[in-house]
Amino acid sequence: MRYDHRAVEAKWRQVWEERGDHEPDLDAAEDPFFNLMMFPYPSAEGLHVGNVYAFTGADIYGRFQRMCGRDVFEPMGFDAFGIHSENFAIKIGDHPKTLIRRNVENFRENQLKRIGARFDWAHQVNTTEPEYYKWTQWVFIQMFRQGLAFRKKAAVNWCPDCMTVLADEQVISDRCERCDELVEQRELEQWFFRITDYAEKLHQNLEWIDWSDITKTAQRNWIGRSEGALLRFEIDGREEHLEVFTTRPDTVFGATYMVMAPEHPLVDEITAEDKRQEVGEYRAKARAATQEERTAEDRPKTGVDIGAYCINPANGERIPIWIADYVLWGYGTGAIMAVPAHDERDFAFAKTFGLPIREVISPDGEEHDLEEAYIGQGVMIHSGQFDGMPSEVGKKAVTEHLAEKELAEPRVEYRLRDWCVSRQRYWGPPIPMIHCGQCGVLPVPEKELPVLLPELEDFTPDDSGRPPLARAEDWVKVTCPGCGGDARRDTDVSDNFLCSAFYFLRYPSVGMDDRAWDPERTRKWLPVDMYIGGNEHACLHLMYTRFVVMALHDAGLLPFEEPFVKFRAHGLLTKDGAKMSKSKGNVVNPDDFLESTGADTLRLYLMFCGPFQQGGDWRDEGIAGMRRYVERLYNLVMDDEVVDAPVEGELERAMHAAIKKVGEDLAELRYNTAIAATMELLNAIRDADTTPKQAVETLLKLIAPIAPFVTEELWHELGNEGTIHDGPWPEYDESKLVTDTVEIPIQVKGKLRGTVAVPTEATEDEVMAAAREIPSVQSQIEGKEIRKVIFLPGKLMNIVV
RNA sequence: GCCCAGGUGGUGGAACGGCAGACACAGGGGACUUAAAAUCCCCUGACCUUCGGGUCGUGCGGGUUCGAAUCCCGCCCUGGGCACCA
């Protein structure tokens, strides 16, 4: 009989929806399990197969938890603000509002509802609806109240094509992540969130949160924690001093010059008269250069001696101060002590300008002519009282010694920068702040939220740096909540990543318009039990989210400080070994396959392509095989005589083995091998003389999380009521897994020479006797002395001659 | 340059100290059919073979072990992240 997936899937979609199978009672649930996946951006092109891949993998996990008895909440939403929609709307001459409504409708009704996921549509969010972004604005205000939102005039990344400010993370090797245009630096007043206040906690908690290692590693790199010391160098003949951060205080005796970043404010004050012109020119040049130019690889070192001197606190030596653009303003103190003997960059600089190079760390205690910087550990030399000390010990010893004279203190630095959250664009939540000439900057009173995004005919950005919202003059004028005088609204919108930094907090409380999240519901459902998404968000979305939750926790608004107890990064789905991309024209359209082979087949095939956490490779030919599998399963129930007979013998063993294997694999997201195991069980059932109902029902349950429609259909076909998807998950009996006889491989000197079938409990002597019967074993041991026998009962014998 | 993740048949991938290639795809042969499709059965790492079997084989080179795809050391290649971060 031919399997009609269209009719079957439509039928169960309707039944599940009408019955509310996917909508747990959020207040009454006894064993809550919050199964979260990264909500999509609803593009005009429609749902990408990569989304289906990610959602299916996450949904299987949720369905498995449900069958294991948990009350699973699996919501879905739309991350629809941002530059993408805005640019696309401008391109097609439409308004983002109507565009997004259309896209969301298409995503939800035509695509997401068809992929067989147990989404709770009663609790969806759309970040562009006022009832949602009211809370985005509210969160902004909470951050402000915590002292974590501040304004700073800063050199920011400006994309001349998108005509907006970009976060550091949105700049990939000096180009705009979205449009690939070369990014410029512009001085603008911006809103920042002080994520650096949480650098240590963000780093620390990585120790215990249960996340994919690749994601944790990416976050560690991004935070860039490094331990060292702050050293203080007096400036010769002046009151001021220069502070530097170093991870190698043990090399301080080798500091032969100092370097300040060109932007360092102290440069102006201490530059010698006769150097002013040269220094001024160098600083102007550095300012004009793009990040690309400044950081290009193997670029020759440049710099200028500013004619001032520092006193090395370790040996009292008078050393010159330079400025050079290889020292970055914005990391550490923006100044360094240069130790050319033990730092590659300082070495190159010293060579270029003929500055002295003094070896102070020696790998063997001897002196060397250095061809290159020695950056390893060793013994301290030319270091006064520290001579002979191992450099690892010296780090601490030097710091402590200088600390006594208040010239040093231990210090931890981070690479992480504060989060620029303002955007000079239209399509985002207006930043809920008011600028008053009398009162300064203050938040919009919470009862006046949301600050609605004004309807603008012309919302295109221009090159002035003046945001589109500034043109809505009536909207901008506002009464100051502080003094009642005339004031102006902030005309920036907030970064998209703020919308997605708390959406999961909102899901359980959707519909409550008087609170961001209900304390009861939140205590019950959060933190999220499992979060699945792409690792490309490791440094952006996932980092910002952790930060926002920590800040809300410290504000007393959340009872936990980590949002996701467990996070797993899924892999990338490729096509014929290559990355899918529109330009290559090798993008798989999931709609085609949902229509032609159905959701079950698509889900099975996607998950069969490879290990979910590593990714997989899609081949069009492959999916036909999966369709055949679904049909074999269907025909097993429809055509075969399914009988009420006991499950016995080999089939019984196979069934228990499959339950064990599939259960373990699903829990570890190893869906490809779980599917293979169900295939083996199906083959075992077909090989058996009869088709026992219990074996078939077990098989259906094992596949149910992956192929929800056909298993539900066949479950009822076998006369069952209710739904297969509420479980219970079948149990296996360990004792059924052992067989009476086993095939034991016989090796001679580690090479396989044959197998013997013996009782499971056979002793070494019995196995040896059987092994001697095998001709190929005989020929290998004939006339040789048996030196040793490795025997693992029931598993293996290795004869060493 | 540094840090991760990988490299296994024609292909996707299994196995993660103990029979390499589970499960599939593709290919070949057969059954059924007037024929084809569908379905079902068999074969399918390479080389040699007296058809019993033998030799080689998991990116490359070493090592540990009775035994290594798996552990260790040194390379090469692919993908991802960070990168003048002191």
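No hydrogens, no waters, no symmetry mates; every other heavy atom, side chains included, goes into these values. In this text, all values refer to a predicted model and were calculated from it rather than measured experimentally.
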Round to the nearest Å and state the distance from A:Asn535 atom CG to B:G80 atom C1'.
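Whole-Å distance recorded here is 8 Å.
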With 3.5 Å as the limit, what N/O pairs link the protein to nucleotides 69-76 of chain B?
none

Would you call B:G13 syn or anti, using the 90° rule around 0?
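Anti conformation here, the glycosidic angle of B:G13 being more than 90° from 0.
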Classify A:Arg686 by what it touches in the nucleic acid, base, sugar-phosphate, or nothing, heavy-atom distance under 4.0 Å.
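Counting heavy atoms under 4.0 Å across all strands, the contact made by A:Arg686 is with sugar-phosphate only.
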For A:Arg415 and B:A83, is the shortest distance between a side-chain N/O and OP1 or OP2 below 4.0 Å?
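Indeed, a polar side-chain atom of A:Arg415 lies that close.
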Give me the distance, rounded to whole Å, that separates B:A5 from B:C41 when you measure between the P atoms they each carry.
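42 Å, rounded to whole Å.
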So, is the end of the A:Lys301 side chain (NZ or CZ) under 6.0 Å from the ring centre of A:Tyr326 and within 45° of the ring's axis?
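The answer is yes, since A:Lys301 meets both limits relative to A:Tyr326.
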Output a table of nitrogen or oxygen pairs between the protein and nucleotides 12-17 of chain B separated by less than 3.5 Å.
{"unit_1": "B:G12", "atom_1": "O2'", "unit_2": "A:Cys609", "atom_2": "O", "d": "2.8"}
{"unit_1": "B:G13", "atom_1": "O3'", "unit_2": "A:Asn672", "atom_2": "ND2", "d": "3.3"}
{"unit_1": "B:A14", "atom_1": "OP1", "unit_2": "A:Asn672", "atom_2": "ND2", "d": "2.8"}

Looking at A:Trp222, is A:Arg415 sitting on its ring face, NZ or CZ under 6.0 Å from the six-membered ring centre and within 45 degrees of the normal?
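Yes, cation above the ring, under 6.0 Å and within 45°.
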For A:Trp329, is the NZ or CZ atom of A:Arg287 found under 6.0 angstrom from the centre of its six-membered ring and inside 45 degrees of the ring axis?
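No.
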Residues two or more places apart in sequence or in another chain: which of them pass ring-ring contact (aromatic ring centres under 6.0 Å, His included) with A:Tyr605?
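Checked A:Tyr605 against ring-ring contact (aromatic ring centres under 6.0 Å, His included); matches are A:Trp618.
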Work out how far the C1' atom of B:G6 is from that of B:U39, and round it to whole angstrom.
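After rounding to an integer number of Å, I get 39 Å for this pair.
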So, is A:Ser226 close to the B:A86 phosphate, meaning a side-chain N or O under 4.0 Å from OP1 or OP2?
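For A:Ser226, the contact criterion (side-chain N or O under 4.0 Å from OP1 or OP2 of B:A86) is met.
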Phosphate OP1/OP2 of B:A24 contacted by A:Asn683 side-chain N/O (<4.0 Å):
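Answer is yes, contact under 4.0 Å.
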ring-ring contact (aromatic ring centres under 6.0 Å, His included) partners for A:Tyr198, two or more places apart:
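A:Phe547.
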Measure from the side chain of A:Phe245, starting at C-beta and using heavy atoms only, and say which of B:A22, B:G81, B:A86 lies closest.
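Within the option list, the nearest is B:A86.
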Taking only N/O atoms, report every protein-nucleotides 26-31 of chain B pair under 3.5 Å with atom names and distance.
{"unit_1": "B:A26", "atom_1": "OP2", "unit_2": "A:Arg628", "atom_2": "NH2", "d": "3.4"}

Among residues two or more places apart or on two chains, list those pairs meeting salt bridge (charged side-chain N to carboxylate O under 4.0 Å, His left out) that have a residue in residues 746-765 of chain A.
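Matches after skipping sequence neighbours: none remain.
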Identify the heavy atoms of A:Thr302 and A:Ala324 that sit nearest to each other, and give their distance.
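The answer is O-CB, 3.2 Å.
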Taking a pair as Watson-Crick (N1 to N3 plus N6-O4 or O6-N4) or G-U wobble (N1-O2 and O6-N3), both under 3.5 Å, which stems of 3 or more consecutive pairs involve RNA chain B?
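Stems (3+ consecutive pairs) listed as B:1-7 with B:76-82, B:10-12 with B:23-25, B:27-31 with B:39-43, B:45-48 with B:53-56, B:59-63 with B:71-75.
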Considering only the P atoms, how many Å lie between B:A20 and B:G30, rounded to the nearest integer?
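Taking atom P in both B:A20 and B:G30, they lie 33 Å apart.
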Please tell me which of the listed nucleotides, B:A86, B:G54, B:A22, lies nearest to the side chain of A:Glu680?
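Given the options B:A86, B:G54, B:A22, the side chain of A:Glu680 is closest to B:A22.
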What I'd like to find out is whether the side chain of A:Met380 reaches to under 4.5 Å of the side chain of A:Val360, using heavy atoms alone.
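They are not in side-chain contact.
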Can you tell me whether the base of B:G9 sits syn or anti, using the 90° cut around 0 to define syn?
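Because its glycosidic torsion lies within 90° of 0, B:G9 adopts the syn conformation.
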Answer with base, sugar-phosphate or nothing: what part of the nucleic acid does A:Arg627 contact at a heavy-atom distance below 4.0 Å?
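Contact class for A:Arg627: none.
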Say we look at B:G45 and B:C23: how far apart would their P atoms be, to the nearest angstrom?
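Looking at atom P only, B:G45 and B:C23 are 13 Å apart.
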For the pair A:Arg628 and A:Glu631, evaluate salt bridge (Lys or Arg N to Asp or Glu O under 4.0 Å) and give the outcome as yes or no after the intermediate values.
CA-CA 5 Å; A:Arg628 282 200 286 273; A:Glu631 282 178 2; over 6 Å; no
Mind checking whether A:His541 and A:His537 have parallel, tilted or perpendicular rings, split at 30° and 60°?
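If you compare the ring of A:His541 with that of A:His537, the planes turn out perpendicular.
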By a strict heavy-atom criterion of less than 4.0 Å, which residues belonging to residues 793-801 of chain A are in contact with RNA chain B?
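Within this stretch, A:Leu796, A:Asn798, A:Val800 sit under 4.0 Å of the strand.
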I need the minimum non-hydrogen distance between A:Leu604 and A:Ile706, along with the two atoms involved.
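It is CD2-CG2, 3.6 Å.
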Considering all heavy atoms of both residues, which atom of A:Phe567 and which atom of A:Ile532 are nearest to each other, and what is their separation?
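The pair with the smallest heavy-atom distance is CE1-C, 4.2 Å.
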When all nucleic acid strands are considered with a 4.0 Å heavy-atom cut-off, which category describes A:Lys751: base, sugar-phosphate, or nothing?
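A:Lys751: backbone/sugar contact only, no base atoms under 4.0 Å.
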If the cut-off is 4.0 Å, is A:Lys788 near the phosphate of B:G67, judged by side-chain N/O to OP1 or OP2?
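No.
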Whole angstrom value for the distance that separates P of B:G80 from NE2 of A:His570
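After rounding, the reported distance stands at 15 Å.
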Pairs flagged by salt bridge (charged side-chain N to carboxylate O under 4.0 Å, His left out) wherever residues 245-260 of chain A is involved - sequence neighbours left out
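Residue pairs with at least one partner in residues 245-260 of chain A: A:Arg248-A:Asp250.
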Ring centers of A:Phe612, A:Tyr53 separated by less than 6.0 Å
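Ring centres of A:Tyr53 and A:Phe612 closer than 6.0 Å.
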Span that lies between the C1' atom of B:U8 and that of B:G81, in whole angstrom:
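After rounding to an integer number of Å, I get 26 Å for this pair.
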Just wondering, are more than 12 heavy atoms of other shown residues or ligands nearer than 6.0 Å to CG in A:Asp689?
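At most 12 heavy atoms, drawn from other residues, nucleotides or ligands, come within 6.0 Å of this atom.
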Rounding to the closest angstrom, what is the interatomic distance between B:C25 and B:C19 at atom C1'?
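That atom pair is separated by 25 Å.
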I want to verify a distance call: between B:G54, B:G18, B:C84, whose nearest atom is closest to the A:Asp325 side chain?
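Minimum distance to the A:Asp325 side chain belongs to B:C84.
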Phosphate oxygens OP1/OP2 of B:U55: is one of them under 4.0 Å from a side-chain N or O of A:Arg753?
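Indeed, a polar side-chain atom of A:Arg753 lies that close.
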Assign A:Ser779 to base, sugar-phosphate, or nothing according to its heavy-atom contacts below 4.0 angstrom with the strands shown.
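Touches nothing.
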Which residues pass the side chain to side chain contact (heavy atoms under 4.5 Å, CB included) test with A:Ala676, sequence neighbours left out?
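For A:Ala676 the side chain to side chain contact (heavy atoms under 4.5 Å, CB included) partners, ignoring immediate neighbours, are A:Phe608.
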Quantified in whole Å, what is the C1' atom distance between nucleotide B:A46 and nucleotide B:U58?
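Straight-line distance between the two C1' atoms is 14 Å.
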Selection from B:C19, B:G54, B:A86 that lies nearest to any side-chain heavy atom of A:Leu328:
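Looking only at side-chain atoms, A:Leu328 lies closest to B:A86.
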ring-ring contact (aromatic ring centres under 6.0 Å, His included) with A:His656: which residues, sequence neighbours excluded?
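Here no residue qualifies.
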When all nucleic acid strands are considered with a 4.0 Å heavy-atom cut-off, which category describes A:Arg225: base, sugar-phosphate, or nothing?
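The residue A:Arg225 makes no contact with any strand.
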Span that lies between the P atom of B:A69 and that of B:C16, in whole angstrom:
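Each nucleotide's P atom is 14 Å from the other's.
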For A:His342, all residues meeting ring-ring contact (aromatic ring centres under 6.0 Å, His included), sequence neighbours excluded
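Listed in chain order: nothing, the list is empty.
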